[in-house]
Student: 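Here you go, one structure.
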Amino acid sequence: MIRKFDSENFKWDGVDTLVYKQDGSPFKDVTRQVLYDGAYDIPCQFRYFECLPGGYSTLEYHEHTHMVMIGRGKGQLLLGDEIYDVAQGDFIEIPGNTIHQFRANKGDYIGFFCLVNKDRDKVKLLTDEQMETLRQKPKIKEFLEGLRVHGHRFDWPDYLVFASYRGD
Ligand code: MN
């Protein structure tokens, strides 16, 4: 099986792009494509996620491990209690029970491939108490609230963000 790659739009033939709901959710402007849904001897899912500039993945933790490779663009990763700059080609292991979130806060998309076991525990969101603990670190507080790009804040209206994304 071969899924041909459309490099202009970062899409693969025959793969649906799922756009997450925007309202009342702990993520923003994220799409998901499931490239491979496992086989008997490799029981894993291979997905591609993408955040538009200013978007971010869910702030979460869980028992299962992620194997991640940045496929497009750049941004930042909150992993545990540290913030890391990440960019295309970087390889990342997100160990079990480690808080993580990707943010496209460097003026670019961030797209990443993510391998997970098909059989995995459910995502856990942070409690108010856990959020408070995280915010005590100034760098993390800025990461969670700032969305600063070269000193400027991202405050594009949603319609503009989506207009810039629509390639089809
Ligand atoms: Mn996760």
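No experiment lies behind these values; they were computed from the predicted model shown. Indexing begins at 1, ligand by ligand and atom by atom, following the structure's order.
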Student: Please indicate how many protein N/O/S atoms are found closer than 2.8 Å to the Mn ion (ligand 1), with waters neither displayed nor included.
Tutor: 4

Student: So, the side chain of R47 versus the backbone of C114: is there a donor-acceptor pair under 3.5 Å, distance only?
Tutor: yes

Student: Are side-chain N/O atoms of N97 and E63 paired as donor and acceptor at under 3.5 Å?
Tutor: no

Student: Is the shortest side-chain N to carboxylate O distance from D108 to K74 below 4.0 Å?
Tutor: yes

Student: Ion pair present between R135 and E145, side-chain N to carboxylate O less than 4.0 angstrom?
Tutor: yes

Student: Less than 6.0 angstrom separating the ring centers of F46 and W12, yes or no?
Tutor: no

Student: Run the salt-bridge test on E60 and K124 with the 4.0 Å N-O cut-off and return the result as yes or no.
Tutor: no

